[in-house]
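Residue numbering restarts at 1 for every chain, and letters A, B, ... go by the order of the sequence lines. These numbers come from a predicted model, not from an experiment.
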Amino acid sequence: MIMRKKISREFYNRPTLTIAKDLLGKYLVRKVGRKELAAKIVETEAYIGPKDKAAHAYGGKVTNRNKVVYLEGGHAYIYLCYGINWMLNLVTKKEGIPECVLIRAVEPLLENYKDPKQHIQLANGPGKLCRWLKLDKTLNEEDLVDSKKFWLEDRGEEIKKSQIVASKRIGIDYAGSWADKPWRFYLKDNLFVSRK
DNA sequence: CTCGCGATATTCT
DNA sequence: GAATATCGCGAGA
């Protein structure tokens, strides 16, 4: 018997760095037609609002793209990067505070698979996990607390503090000293994280 | 194995 | 017009 508890609004109304760490070991559930895809989160990055040069909301600016980040915690912020890859973010904190957590890698839950190597390759990167979960702009601005298509679950997995590794974020060298913040978190020794 | 680069579309200057 | 929170391929070592 697997415990399946949908994550509620309160979860998202806490400090963003805390949420980024707590998300490890939680599950994303995505409903496509009759099928349900589930994947365990193994890697995240925090983006802290107006003061974080690497964040889209740096300086408190609002654009058509990033306005979703200003919504109440629990919404999905999905946008296109490099014209090809969708990125999944979870909005945190109250309305008006533009903070979010980028989901960088997940472990797909599969009943059977032939090649373990392929299994790992399915979702070990922010663009790939969106492809696997069939996430695109139609899911942007989706409220994950209410949604019937896409939400998060706690399946009772406990992650010990010693299993969480903090490191620098990836792909944001343009952000100067902000690029050095240890705001990327992943599960130690997990094969599904995007990079070592 | 590592490295370099092109794809491709949305956004901002 | 330039930049971008990436990916996958192909060349070379």
Side-chain angles (χ1 to χ4, degrees), chain A residues 12 15-21 23-24 26 28 30 39 41-71 73-93 97-108 115-142 144 150 152 164-187 190-196:
Chain A
Y12 303 103
T16 301
L17 289 174
T18 307
I19 295 170
K21 282 181 269 191
L23 281 170
L24 297 173
K26 300 290 187 290
L28 296 173
R30 163 78 167 123
I41 300 172
V42 299
E43 184 178 355
T44 63
E45 279 180 18
Y47 285 83
I48 308 294
K51 63 179 182 181
D52 180 1
K53 200 174 175 187
H56 288 162
Y58 175 60
K61 66 179 173 184
V62 184
T63 65
N64 202 36
R65 176 175 66 163
N66 75 10
K67 63 182 181 190
V68 182
V69 182
Y70 290 82
L71 295 175
H75 288 82
Y77 171 38
I78 300 176
Y79 76 95
L80 193 60
C81 182
Y82 299 105
I84 301 184
N85 302 105
W86 296 99
M87 303 278 156
L88 168 64
N89 297 254
L90 306 178
V91 178
T92 61
K93 306 202 94 173
I97 303 183
E99 301 189 6
C100 65
V101 178
L102 169 70
I103 309 299
R104 282 196 57 86
V106 299
E107 174 179 335
D115 185 356
K117 217 167 190 173
Q118 251 182 8
H119 184 199
I120 290 171
Q121 302 269 327
L122 268 161
N124 62 338
K128 292 201 277 193
L129 78 90
C130 286
R131 214 178 318 165
W132 189 72
L133 289 170
K134 300 186 170 43
L135 300 172
D136 57 29
K137 67 178 171 197
T138 62
L139 273 295
N140 190 31
E141 222 174 319
E142 186 85 358
L144 305 184
F150 183 42
L152 276 86
I164 298 177
V165 184
S167 71
K168 294 199 292 187
R169 292 177 291 174
I170 291 183
I172 51 163
D173 292 340
Y174 61 86
S177 61
W178 289 100
D180 294 329
K181 297 280 176 197
W183 288 351
R184 169 180 176 236
F185 304 99
Y186 60 89
L187 293 180
N190 187 289
L191 292 171
F192 295 82
V193 302
S194 59
R195 300 194 207 174
K196 297 278 157 58

Backbone N/O of A:Leu80 and side chain of A:Asn85: donor-acceptor pair under 3.5 Å: no
Nearest heavy-atom neighbours spanning A:Gly49 and A:Ala55: O-CB, 3.8 Å
Lys NZ or Arg CZ of A:Arg104 over A:Phe185 ring: under 6.0 Å, within 45°: no
Verdict with reasoning, A:Leu90 to A:Ile103, per side chain to side chain contact (heavy atoms under 4.5 Å, CB included): CA-CA 8 Å; A:Leu90 306 178; A:Ile103 309 299; 3.9 Å; yes
A:Thr16 side chain vs A:Glu99 backbone, donor-acceptor pair below 3.5 Å: no
Main-chain N/O of A:Ala179 paired to A:Tyr174 side chain as donor or acceptor, under 3.5 Å: no
Sugar-phosphate, base or nothing in reach of A:Leu102, heavy atoms under 4.0 Å: base
Aromatic plane relationship, A:Phe192 with A:His119 - under 30° parallel, 30 to 60° tilted, over 60° perpendicular: perpendicular
Residues A:Arg131 and A:Asp136 bridged, charged N to O under 4.0 Å: no
Closest-nucleotide 5' rank along DNA chain B - winner of A:Asn64 and A:Ile84: A:Ile84
Start and end of the DNA chain B segment that chain A contacts, any atom under 4.0 Å from a heavy atom: B:dA7 to B:dC12
Paired stretches of DNA chain B - 3 or more consecutive Watson-Crick or G-U pairs, each distance under 3.5 Å: B:1-7 with C:6-12, B:9-12 with C:1-4
Modelled atom types, side-chain donor and acceptor of A:Tyr77 and A:His56, under 3.5 Å: yes
Positional range of nucleotides in DNA chain C within the contact set of chain A, heavy-atom, under 4.0 Å: C:dT4 to C:dG8
Touch class at under 4.0 angstrom, heavy-atom based, for A:Asn66 against every strand present: nothing
Sugar-phosphate, base or nothing in reach of A:Leu80, heavy atoms under 4.0 Å: sugar-phosphate
Main-chain N/O of A:Ile170 paired to A:Arg184 side chain as donor or acceptor, under 3.5 Å: no
